[in-house]
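Counting starts at 1 for both ligands and their atoms, following the listed order. Note that the structure is a prediction, hence the values are computed from the model and not measured.
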Amino acid sequence: MRNIDIQSIKQRFGIIGNSPLLNYAIQVAAQVAPTDMTVLITGESGSGKESFSKIIHQLSPRKHGQFIAINCGAIPEGTIDSELFGHEKGSFTGATDTRKGYFEVTDGGTIFLDEIGEMPLGTQARLLRVLENGEFIKVGSSKVQKTDVRVVAATNVNLLNAVEKGRFREDLYYRLNTVPITVPPLRERGEDIYLLFRKFSSDFAERYRVKPITLTPDAVEELLSFRFPGNIRQLKNIVEQISVLEYDRELDANKLRHYLPREQGGSQVPAIMAKEPGADQSFSERDLLYKVLFDMRRDVSELKKLVFELMTRQPGDGELLKEHSHLFENLEQISHVRPYKSTEQPEPYYLPVQQARHEEDYEEKVEDISHETEEEGLSLESMEKEMILKALKKHNNKRKYAANDLGISERTLYRKLKQYDIEN
Ligand SMILES: Nc1ncnc2c1ncn2[C@@H]1O[C@H](COP(=O)(O)OP(=O)(O)OP(=O)(O)O)[C@@H](O)[C@H]1O
Ligand SMILES: [Mg+2]
């Protein structure tokens with residue numbers, strides 16, 4: 001038997017991992033590659049079947065011939081025969097020319113038929129014939145043609161099930177399955193999960209110019225015990241998400257869990273939407289959505305406040321602040337932003353509204369400004385008023401509890417009561 005250097009194959013085809021099941025699959029691919037045998041690659045979605053088709057072609061004497069990958073699930077049933085085997089001019093509406101199919105143009109090369117389970121039964125009959133004796137007939141023709149194509153097929157569904165249900169030809173199944181290669185699911189690849197995590201983390205760090213994400217030991221445990229139904233594709237997506245979103249570059253198990261979807265049942269809606277048993281039903285889902293909106297608005301306003309403070313501390317002439325002053329126009333509660341007393345601190349830039357007013361007047365001024373934009377936000381404003389009234393009613397006009405329920409400070413509630421002319 002030939003001596004197969006699995007490590008160098010992995011390197012060449014960018015395959016990460018060292019688990020025995022993966023190594024075995026690579027070994028079978030390398031052994032079968034130089035023959036002309038048909039290969040069926042099976043494995044769950046996202047497990048990495050595609051690289052195997054490339055290994056088989058590249059390590060075969062056909063490597064200088066064409067390699068074409070076709071996703072059988074993506075070609076409409078009406079055109080797949082013509083795509084694969086070609087058609088004669090006039091054989092159907094729109095067939096203005098005679099056209100060669102993939103089996104003709106790939107003569108001497110390899111065709112990768114991905115998602116073979118999706119192939120229509122009629123096409124399966126044509127495929128069987130070409131696998132048996134290299135013969136095919138163009139759509140609308142009666143002339144038998146010959147071709148020499150090696151077929152590698154892949155599926156993420158159980159083809160035997162499809163055979164039982166009459167959706168896949170049994171004879172074709174056995175013909176394809178001469179040499180099966182099983183790509184293991186990620187959850188059965190042990191430490192490979194962490195290897196892949198680090199690889200993707202460093203790839204995305206480079207792509208997004210950020211620091212790579214690292215994991216604490218308990219997070220590694222958490223990662224290794226996740227089942228990854230979407231396999232490598234899912235892991236890659238998760239790492240990308242973390243790389244872009246996470247502020248702390250080291251994740252512990254708790255943080256990581258936020259990115260791993262809950263595996264069984266469980267609602268995916270935000271916690272605020274989930275009704276706790278016995279929760280007060282007077283707040284409808286719409287109310288809750290509005291509450292989310294208001295919470296977001298509050299967060300934005302907090303952020304603006306923070307940015308405003310930071311900008312006033314910046315040395316310089318306050319140009320940046322002037323340039324962006326529109327962002328701070330209707331900022332709530334900015335009255336505490338005072339000039340820095342310290343002598344090293346530069347004079348902060350004041351918004352026009354601040355220059356004009358004393359501290360006590362800010363809120364009033366802010367409200368004046370917000371009234372100018374009242375038209376746009378009318379429905380949102382009236383919803384807000386409605387929610388405030390509901391909250392007050394629910395808590396027997398106790399402002400502290402109402403404010404708490406609404407997620408705003410008592411002070412803001414007080415201001416809003418004035419704004420909406422709400423009398424207790
Ligand atoms: N061993 C590996 N090392 C690094 N990346 C990998 C590896 N295997 C797969 N990938 C990456 O994982 C993703 C999914 O792989 P691939 O498209 O081959 O899955 P698949 O098995 O064909 O899935 P499907 O059945 O859904 O088509 C791709 O982005 C691929 O680059
Ligand atoms: Mg695929």
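Listed by chain and residue number, the protein contacts of ligand 1 are Gly14, Ile15, Ile16, Glu44, Ser45, Gly46, Ser47, Gly48, Lys49, Glu50, Asn156, Leu196, Phe200, Ile232, Arg233, Lys236 (heavy atom within 4.0 angstrom).
For the pair Asp107 and Lys146, the salt-bridge criterion is not met [side-chain N within less than 4.0 Å of a carboxylate O]. Under 4.0 Å is where a charged nitrogen must lie from a carboxylate oxygen, and between Glu410 and Lys400 no such pair does. With respect to the salt-bridge test (charged N to carboxylate O, under 4.0 angstrom), the residues Asp405 and Lys390 do not qualify.
Taking both residues in full, the closest heavy atoms of Leu176 and Ala153 are given as CD2-CB, 4.2 Å, listed atom of the first, atom of the second, then distance. What you find for Leu392 and Ala402 is that their closest heavy atoms are CD2-CB, 3.9 Å.
Looking only at side-chain heavy atoms (C-beta outward), Glu191 and Leu224 come within less than 4.5 Å of each other.
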